[in-house]
There are 2 protein chains.
Amino acid sequence: MRRDSRLSRMLHVLIHMDRHYKRATSDTIAQMLGTNAVVVRRTMAGLRKQGYVHSEQGHGGGWELARELTDISLFDVYQAIGAPPLFAIGPSVEQPECLVEQAVDARLNDALQEAETLLLERFRSVTVADIAQDFDACFAEHTHHT
Amino acid sequence: MRRDSRLSRMLHVLIHMDRHYKRATSDTIAQMLGTNAVVVRRTMAGLRKQGYVHSEQGHGGGWELARELTDISLFDVYQAIGAPPLFAIGPSVEQPECLVEQAVDARLNDALQEAETLLLERFRSVTVADIAQDFDACFAEHTHHT
DNA sequence: TTTTTCTGTAACAAGACGGGTTACGTGTAT
DNA sequence: ATACACGTAACCCGTCTTGTTACAGAAAAA
Ligand code: FES
Ligand code: FES
């Protein structure tokens, strides 16, 4: 367990559901992700709350897309999973007394803020459908060559 | 213990040593950082290996700067502490088989790489002396007003 | 209606990692 | 010799993601 992989996983699931199976149970999703059904439900609960997916209980139930992939950005998914912290580094304390430490943290936060803004901007500008198209292109090339 | 604060702490220490005390023991440094002497030695070991600081054992020993703050960038310090991971998010596995997952990770890594490049570029372009000057300016303003 | 198949949640264990602590070895000035 | 200070290993702790078990609905099927 190193880095938070929920974003990556949820993107995978969304595209999987769109391209392969319109409906999938937590168990089958868990199998393809190499994880557990409870983890799937836990993580996808956020997507459901935002209305990106829909779940139904009981026999024949499972998950299905509730919106087009073109209408879901990476940022949307990132927020849906709870907007976890992006960076693994940061200042030591919140309100340092020492002025030097304040200057250090200010510079550090500046740089981090800049990087975060850029990253989230990229997340905002890329839809899940864009990634699905990347896959299409890669898949087409893959089959042409064989 | 949330985010890695070693970079922030080491910057603080370097400026502290330059502006206040040319020589400091691990214990006094630990006190000003609100931590432990062993943690200080452990973290500053990296700075010593890179030749940014020098340590001496025995009576009257301690730490002292071995280079001018103008010759040390944030990137230098970041590398000296072992270049810890910058991001808390990332792909799930290294070599995914599924082409969709590969596409997802590619896009994700693109964005992360871009943000990392920007961040490290900022680190490279800022010297510890720059931050010390920030402090000077802030301090001057602080004393003028009182 | 009973059973089966799902989701929804809570609760807990595992693993990783930064950080704090103790213990002990080593070098150096007094 | 002794006190001082670094060097390092070993260990525990808090936090966070992830995995697992357990159990309570809900809905279709039998
Ligand atoms: S397993 Fe279906 S898209 Fe990767
Ligand atoms: S305590 Fe000396 S610079 Fe902050």
Side-chain angles (χ1 to χ4, degrees), chain A residues 1-10 12-13 17 21-49 53-64 66 78 81-94, chain B residues 1-10 12-13 17 21-49 53-64 66 78 81-94:
Chain A
M1 299 147 186
R2 205 160 337 212
R3 304 200 295 187
D4 191 333
S5 63
R6 282 176 287 182
L7 178 55
S8 167
R9 281 177 161 176
M10 288 304 98
H12 187 183
V13 169
M17 287 202 293
Y21 308 96
K22 295 301 181 184
R23 237 165 243 249
T25 69
S26 302
D27 244 321
T28 61
I29 294 175
Q31 274 190 301
M32 79 151 149
L33 289 181
T35 179
N36 189 285
V38 178
V39 176
V40 172
R41 286 197 272 268
R42 188 192 290 156
T43 313
M44 294 191 70
L47 299 188
R48 184 185 48 224
K49 273 177 205 143
V53 296
H54 174 72
S55 68
E56 258 175 55
Q57 300 185 111
H59 199 133
W63 300 86
E64 66 182 350
Y78 167 70
I81 62 173
L86 292 173
F87 295 104
I89 66 174
S92 36
V93 290
E94 292 304 318
Chain B
M1 297 147 189
R2 205 161 334 214
R3 305 200 295 188
D4 191 333
S5 64
R6 283 176 289 182
L7 178 54
S8 167
R9 281 177 162 176
M10 287 304 98
H12 187 183
V13 169
M17 287 202 293
Y21 308 95
K22 294 302 180 184
R23 236 164 243 249
T25 68
S26 302
D27 244 319
T28 61
I29 294 175
Q31 274 188 302
M32 78 151 149
L33 289 181
T35 179
N36 190 284
V38 178
V39 176
V40 172
R41 286 197 271 267
R42 188 193 288 157
T43 314
M44 294 191 70
L47 299 189
R48 185 185 49 225
K49 274 179 205 138
V53 296
H54 174 71
S55 67
E56 258 174 56
Q57 299 187 111
H59 198 131
W63 300 86
E64 65 182 350
Y78 167 70
I81 61 173
L86 293 173
F87 295 105
I89 66 174
S92 36
V93 290
E94 292 304 318

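Quick caveat, the model's predicted, so the values are computed rather than measured. So that the names make sense, note that chain A is the first sequence line, chain B the second, and so on, each numbered from 1. For the numbers below, each heavy atom of this structure counts, side chains included, while hydrogens, waters and symmetry mates do not.
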Strictly distance-based, threshold 3.5 Å: is any side-chain N or O of A:Thr28 a donor or acceptor partner for the main-chain N or O of A:Thr25? yes

Where the side chain of B:Arg9 is defined as all heavy atoms beyond and including C-beta, which of D:dA27, D:dC6, C:dG20 is the nearest nucleotide? C:dG20

Out of D:dC6, C:dG20, C:dG18, which nucleotide sits closest to the side chain of B:Arg6? C:dG18

Contact list for DNA chain C against residues 35-43 of chain A - heavy-atom distance below 4.0 Å: A:Val38, A:Arg41, A:Arg42

Is any side-chain N or O of [X] closer than 4.0 Å to OP1 or OP2 of [N]?
{"X": "A:Ser26", "N": "C:dT7", "result": "yes"}
{"X": "A:Ser5", "N": "D:dT18", "result": "yes"}
{"X": "B:Ser55", "N": "D:dC6", "result": "no"}
{"X": "A:Arg23", "N": "C:dC6", "result": "no"}

So B:Arg41 and B:Trp63, do their side chains get closer than 4.5 Å, heavy atoms only? yes

Flag the pair A:Glu64 / A:Met17 as yes when at least one side-chain heavy-atom distance between them is below 4.5 Å, and no otherwise. no

Taken to the nearest 0.5 Å, the spacing of B:Arg42 CZ from B:Ser26 OG works out to 12.0 Å

Residue list, side-chain hydrogen bond (donor to acceptor under 3.5 Å, both in side chains) with A:Ser55, at least two apart or on another chain: A:Arg48

